There are 2 protein chains.
Amino acid sequence: MKIIIYEDDYKLRQSLSLLIDGTKGYSVIGDFPNCENIEKEVKTLQPDVILMDIDMPVVNGIEGVEKVKAHFPDIKILMHTVFDDNDKLFACLKAGADGYLLKKTPPVKLLEALQDIYTGGAPMSPGIARRVLSTFHQLNSAKNKYGLTKREKEILLLLTEGYTYKAISAECHISMDTVSTHLRNIYNKLHVNCGTEAVAKAIRERLV
Amino acid sequence: MKIIIYEDDYKLRQSLSLLIDGTKGYSVIGDFPNCENIEKEVKTLQPDVILMDIDMPVVNGIEGVEKVKAHFPDIKILMHTVFDDNDKLFACLKAGADGYLLKKTPPVKLLEALQDIYTGGAPMSPGIARRVLSTFHQLNSAKNKYGLTKREKEILLLLTEGYTYKAISAECHISMDTVSTHLRNIYNKLHVNCGTEAVAKAIRERLV
DNA sequence: TGAAAAATCACAGAAAACTGTGATTTCGTG
DNA sequence: CACGAAATCACAGTTTTCTGTGATTTTTCA
């Protein structure tokens, strides 16, 4: 397994390099203090895995991830950082990071994580994984917090699909005035003033 | 750590129970073939962790998760299943599962996962974790596949927030006709016919 | 610096959406 | 069965949105 390390702290970079390169099966083929020339470095060295800090001068880790993933989506990137706030975390995940470890992770776990990511896993520190999963949780909950009726949901759904009042009336076999009434009630229940706002709210809060 | 097992296969249930209960620090306080009376069982036994199969007769694991999490959100639930398709996976996560292991997981890893979930982690089989992370990936990509200009994105954003043409014209210090023109171009680029449809597409595809 | 892209404005008619007010019918449940 | 919630319809007036057509100015970039 060929590894590159990006880490601005010189001593830490050396320690990591020693630890990893000194373990059988792992080979550190490069280490750098920031992502300024990451494209060239990756292209030249062709690593399997990149161990990536976030907070680095000049070009930070998140930009680094974007650059690498744009050209080499198969190279795995393991974030290694002190940040455990949601903003940084999800920015990394969106950029395409394949794993996310906090720096307090013990060396043994770090080596395991490298192995894991190399073989198709997605290692995360415990709290991080929990945070990621919890983004899925509420998706279902509070499903009907606005008290929409069955018919109202049906009509709101059609509205989100671009149906006009007339088209809805045809689809539901009711008069346009009835559609109008339903939508009026929907707008009141959602506390919005027009169709576009209702659609936005419906999709954002997954009401449909 | 007090554990309940839900698993319809009698022999597997016995094996799991023996394995886990026979390990120091783990205590299996109940095992059942389905989730029919899960609320009562959980209330009576007060487990720390539930090991949950999905495909069970009468009341399946996903419904089980929903029932437990509705009343006891702090009890951790580790899914243990042969299914590795996205539908089942995300259904479980939305229901509130805290971890997801495939049945091919070796016993040692299963015990580790129980420990992990108990201490606030979210253990997942390698491929599963990868699948979960990849849902975040594309969120950024194809950002501008419709070729919207800066101004167009700005106006589309306002539209999704419920601004009328008039309000947009005020906000952007341009005439209503210009707003009209911009939106006309936006609708063309997005291949939609009206504002609501554009808003729906913009939010669904995260253009704004 | 010259062509293309982006942003701006104008006018006008047609279509659609929104609001107010009021009423009837259907349906499920205590 | 009675009651309330849900669903239905009607009418009318106002506002907003959409479409067609055409044009000018500003910016960007090869």
Side-chain angles (χ1 to χ4, degrees), chain A residues 39 67 70 142-208, chain B residues 70 140-208:
Chain A
E39 281 133 321
K67 290 183 180 194
K143 190 88 183 182
N144 210 8
K145 69 171 153 176
Y146 297 104
L148 295 183
T149 69
K150 194 176 164 189
R151 193 59 151 173
E152 285 166 354
K153 276 187 230 170
E154 196 182 332
I155 287 171
L156 182 54
L157 174 64
L158 291 174
L159 195 71
T160 64
E161 287 169 358
Y163 281 61
T164 65
Y165 283 35
K166 195 193 287 183
I168 294 173
S169 95
E171 180 71 22
C172 296
H173 310 295
I174 54 180
S175 82
M176 252 185 70
D177 279 315
T178 304
V179 174
S180 216
T181 304
H182 280 306
L183 282 168
R184 185 202 324 254
N185 293 333
I186 291 169
Y187 299 161
N188 282 331
K189 287 183 180 179
L190 299 189
H191 309 298
V192 299
N193 299 304
C194 65
T196 51
E197 219 181 332
V199 165
K201 196 157 192 167
I203 296 177
R204 288 217 173 90
E205 305 191 14
R206 295 185 172 73
L207 306 177
V208 292
Chain B
N140 261 346
S141 75
K143 189 85 183 184
N144 211 7
K145 67 171 152 177
Y146 298 104
L148 295 183
T149 69
K150 193 176 166 188
R151 193 58 151 173
E152 285 165 353
K153 278 187 229 168
E154 196 182 334
I155 287 171
L156 182 53
L157 175 63
L158 292 174
L159 194 72
T160 64
E161 286 169 358
Y163 282 61
T164 64
Y165 284 33
K166 196 193 286 183
I168 294 173
S169 94
E171 180 71 24
C172 295
H173 311 294
I174 55 181
S175 82
M176 251 186 69
D177 281 314
T178 303
V179 174
S180 217
T181 303
H182 280 307
L183 282 167
R184 185 200 323 250
N185 293 333
I186 291 170
Y187 298 161
N188 282 330
K189 287 183 180 179
L190 299 189
H191 308 299
V192 299
N193 300 304
C194 66
T196 51
E197 219 182 334
V199 165
K201 196 156 191 166
I203 296 177
R204 288 218 173 89
E205 305 191 13
R206 296 188 171 73
L207 305 176
V208 293

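FYI, side chains are in, hydrogens and waters are out, and symmetry mates aren't considered; it's all heavy atoms of this structure. Lettering of chains follows the sequences in order, A, B, ..., and the numbering in each one begins at 1. In this text, all values refer to a predicted model and were calculated from it rather than measured experimentally.
Within 4.0 Å (heavy atoms only), Thr149(A) reaches sugar-phosphate atoms of the nucleic acid but no base atom. Residue contacts for Thr178(B): at a heavy-atom cut-off of 4.0 Å it reaches a base atom on one of the strands shown.
In this structure, OG1 on Thr164(B) lies 9.5 Å from CG on Leu159(B), to the nearest 0.5 angstrom. To the nearest 0.5 Å, atom CG of residue Leu183(A) and atom CG of residue Asn188(A) are 11.0 Å apart.
Glu197(A) places its CD atom 11 Å from the P atom of dC18(C), with the value rounded to the nearest Å. The nearest whole Å value for the distance from the CZ atom in Arg151(B) to the C1' atom in dA6(C) is 11 Å. Look at CG on Leu159(B): it is 8 Å from P on dT17(D), rounded to the nearest Å. Rounded to an integer number of Å, the gap from NZ of Lys166(B) to P of dC18(C) is 15 Å. Whole-Å rounding puts the His173(A) NE2 to dT8(D) P distance at 11 Å. Taking atom CD1 of Ile186(B) as the reference point, atom P of dT19(D) lies 13 Å away to the nearest angstrom. We find that OH of Tyr165(A) is positioned 22 Å from P of dA14(C), with the value rounded to whole Å. Across the protein-nucleic acid pair, Ile174(A) atom CD1 and dA6(D) atom P stand 16 Å apart, rounded to whole Å.
Side chain of Lys201(A) to backbone of Val192(A): no donor-acceptor contact under 3.5 angstrom is found. Between the side chain of Ser169(A) and the backbone N or O of Lys166(A), at least one donor-acceptor pair lies under 3.5 Å.
Nearest nucleotide to the His182(A) side chain, out of dT17(D), dC9(C), dA7(D): dA7(D). Candidate nucleotides dC9(D), dT21(C), dC9(C) were compared by shortest atom distance to the side chain of Arg184(A), and dT21(C) ranks first. With dA10(D), dT17(D), dC9(C) as the choices, the nucleotide that has an atom nearest any side-chain atom of Thr164(B) turns out to be dT17(D).
For the pair Glu161(A)/Leu158(A), a side-chain contact is recorded, criterion being any heavy-atom separation below 4.5 Å from C-beta on. Side-chain contact between Thr149(A) and His182(A) is absent, with no heavy-atom pair separated by less than 4.5 Å.
Asn193(B) contributes no side-chain N or O that forms a donor-acceptor pair with the base of dC18(D) under 3.5 Å. Not a single donor-acceptor pair, N or O on each side, falls under 3.5 Å between the base of dC18(D) and the side chain of Ser180(B).
Across its full length, the helix from dT1(C)-dA30(D) to dG30(C)-dC1(D) shows an angle of 70° between the axes of its 5 terminal pairs at either end, rounded to 10 degrees.
Closest non-hydrogen pair, Thr196(A) versus Gly195(B), comes out as CG2-C, 3.9 Å.
Where Thr181(B) and Thr181(A) each meet DNA chain C at their nearest nucleotide, the meeting point lying more 5' is that of Thr181(B). Both Asp177(B) and Lys189(B) lie near DNA chain C, and the one whose nearest nucleotide falls closer to the 5' end is Lys189(B).
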